[in-house]
Amino acid sequence: MHVLFYVYPAMMSQGPRFTLAHAAILAQIMSGLIAAGRAECRMIAGQRYAEHLPPSLIAPANLSVIDEIELHRAAGATGGHSAVPTELCRQARSARAAHSPAIEVLIDRIAGAAPRFGEFEPDVVITFSMQADYLKQLWPDAVVLHVEAAAFSRPPFPFSLFFDHLGTYERAATALLAEKDVSVSDGAIAFARSVRDGAGATLAAVDPFADMDLRAGFARLVLLPLNVSNFFSFDDYAPYRTQLKFLFDVLLAAPPEVGVVVTERVEWGRVLHDSGSAANLDWLRSRFANLVFYDRFRDYASPSPYLLRHVDGIVAVILNVGLQGLLLDRRLGCNETSPLRKVAHETNLKAFFQGVEQGTPPADRIRWLAWYLESYAIPASIFNDGDAFSSYLERKLDALRTGSNLADTFPAIAPLHVLEGHWQGWEGRNEVASWTTPVA
């Protein structure tokens, strides 16, 4: 089997280091496949990645780079604003990417990088985070697997990724499959319930907010985890361009007796400010007495999973914590264009808050979660094991040839007893400790 790893080489609007972790993760997977001797592997990436990937992780002979500066200049020469990272990224992930003159330039640069590998012709192309359908222009018979972090990818959950032949976000299988579309065994459901029990116990054991009275007299609480402003993974699926607008709309819709617990992605900057020209926190608190926010939330790398224990529901657009909420049997609300819409309980804020106020238990999504855990979210202990991952890729290719429906094109990651072994002791106390350690 020939496997090509591809990292979108152009710049992202967040800067040159924004996707370096993607390249490192793919290089680690690639090294495992090579070590197992069951696949021949190569990588194509931007030149800046070569400066950060050590030879111990990827041999220089297996890496071909594209000069991102020359790429942007050539793309810009096609007209419009194609040299601008945001615009080139938009065109690259478009369903009509292959018809864009700027993306034709990108395809040409990829074609120019490939000959470094001789007669290498990929059977599988693995790419990270962003849609790359245009690769079919070069390798029409190759299966393109789009990779992104799965819902259970941060401690205390074991790191996991999905490998989706359709894409990410709204094109991912998870955005197309409702619970009625998946078939799972009683054993898979029992496995999902054991993961649910483990999640609840682990989050309770290390909850950094256990001593706080978050309800403070509110009959109900919902969690609103804010994301990153001005990034396509949010902008493309919500009618907002900033997280502040999202927050304001949710507060407008929330009944006064329902508290709204707000968290931020602190590594990408604050949304709530208490000083300076961007000050908004005191004003919001004066107008919305149900806004629940504490500076202490910012002391932790990712407070949202732990706060799920304290709330009755969660509002999300694309965040994995929305599916973590389902695992803990919380009510999930999203907007009508969210990739979460197939599994959310409500797809508009009014209906969501009505459900929260009524206090009726939300429909359990355990069957859908059982499919997700058995066939979609691949633990690192499997995708970093060259033999195990080679076997999975072989089954995946076979499932794509023989699957009678979309769910069937995702084979079981491993037998249930093997998966259970990977999830046993999944709390990984060293990981938990590092994740709940206050950030500097």
Side-chain angles (χ1 to χ4, degrees), residues 12-15 18 84-86 89-90 169-170 209 214 216 218 220-308 310-311 313-322 324-325 332-341 344 346-353 356 439:
M12 302 296 286
S13 57
Q14 282 70 25
F18 185 64
V84 177
T86 303
C89 175
R90 183 194 68 79
Y169 304 113
E170 90 284 4
F209 311 114
L214 293 167
F218 292 111
R220 305 286 178 187
L221 283 182
V222 300
L223 177 64
L224 177 62
L226 299 177
N227 200 0
V228 182
S229 297
N230 301 315
F231 187 55
F232 76 88
S233 67
F234 180 84
D235 295 353
D236 286 0
Y237 311 114
Y240 317 101
R241 285 299 171 267
T242 70
Q243 300 304 302
L244 180 60
K245 293 180 181 179
F246 181 30
L247 168 62
F248 188 67
D249 200 28
V250 173
L251 290 172
L252 287 174
E257 62 274 13
V258 176
V260 180
V261 180
V262 179
T263 61
E264 306 159 304
R265 290 286 293 272
V266 291
E267 68 268 40
W268 294 108
R270 297 182 177 186
V271 176
L272 297 169
H273 300 270
D274 50 16
S275 63
S277 59
N280 53 36
L281 182 55
D282 287 344
W283 182 85
L284 287 170
R285 281 174 167 159
S286 71
R287 298 304 194 272
F288 302 100
N290 57 340
L291 170 62
V292 180
F293 175 78
Y294 294 93
D295 285 339
R296 185 169 167 184
F297 294 167
R298 291 174 173 154
D299 292 339
Y300 299 89
S302 182
S304 295
Y306 303 96
L307 290 167
L308 282 171
H310 302 272
V311 302
I314 176 173
V315 179
V317 175
I318 55 98
L319 287 181
N320 285 334
V321 72
Q324 294 169 22
L332 173 61
C334 70
N335 57 308
E336 293 179 351
T337 55
S338 166
L340 298 173
R341 63 188 179 275
E346 288 89 21
T347 57
N348 68 76
L349 291 174
K350 181 179 180 180
F352 170 75
F353 280 112
V356 170
V439 296

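Please read all numbers here as calculations on a predicted model, not as lab measurements.
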Nearest heavy atoms of [X] and [Y], plus distance in Å:
{"X": "Gly259", "Y": "Val292", "answer": "CA-CG2, 4.2 Å"}
{"X": "Met12", "Y": "Pro85", "answer": "C-CB, 4.1 Å"}
{"X": "Leu340", "Y": "Cys334", "answer": "C-SG, 4.0 Å"}
{"X": "Leu223", "Y": "Ser304", "answer": "CD2-O, 3.7 Å"}
{"X": "Val262", "Y": "Leu247", "answer": "CG2-CD1, 3.7 Å"}
{"X": "Asn335", "Y": "Ala238", "answer": "ND2-CA, 3.8 Å"}

For Asp295, is there an ion pair with Arg298 - N to carboxylate O distance below 4.0 angstrom?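 Asp295 and Arg298: salt-bridged.
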
Using distance alone, with no hydrogens and no angle criterion, decide if Asp249 and Tyr240 have a side-chain donor and acceptor under 3.5 Å apart.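 Tyr240 and Asp249 do have a side-chain donor-acceptor pair below 3.5 Å.
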
With distance as the sole test, does [X] use its side chain to make a donor-acceptor pair with the main-chain N or O of [Y] at under 3.5 Å?
{"X": "Asn290", "Y": "Pro255", "value": "yes"}
{"X": "Asn280", "Y": "His273", "value": "yes"}
{"X": "Gln243", "Y": "Asn227", "value": "yes"}
{"X": "Thr337", "Y": "Tyr237", "value": "yes"}
{"X": "Arg285", "Y": "Phe293", "value": "yes"}
{"X": "Arg241", "Y": "Asp235", "value": "yes"}

Should [X] and [Y] count as side-chain neighbours, where that means a heavy-atom distance under 4.5 Å?
{"X": "Glu264", "Y": "Val266", "result": "yes"}
{"X": "Leu221", "Y": "Leu307", "result": "no"}
{"X": "Phe353", "Y": "Val250", "result": "yes"}
{"X": "Leu308", "Y": "Gln324", "result": "yes"}
{"X": "Val317", "Y": "Phe246", "result": "yes"}
{"X": "Phe248", "Y": "Leu244", "result": "no"}

Might you work through the side chain to side chain contact (heavy atoms under 4.5 Å, CB included) test for Leu281 and Leu291, ending with a clear yes or no? CA-CA 9 Å; Leu281 182 55; Leu291 170 62; 4.1 Å; yes

Residues that Arg265 engages under salt bridge (Lys or Arg N to Asp or Glu O under 4.0 Å), provided they are two or more places apart: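 Applying salt bridge (Lys or Arg N to Asp or Glu O under 4.0 Å) to Arg265 gives Glu267.
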
Determine, using ring centers only, whether Phe209 and Tyr294 are less than 6.0 Å apart.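 They do not qualify: ring centres at least 6.0 Å apart.
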
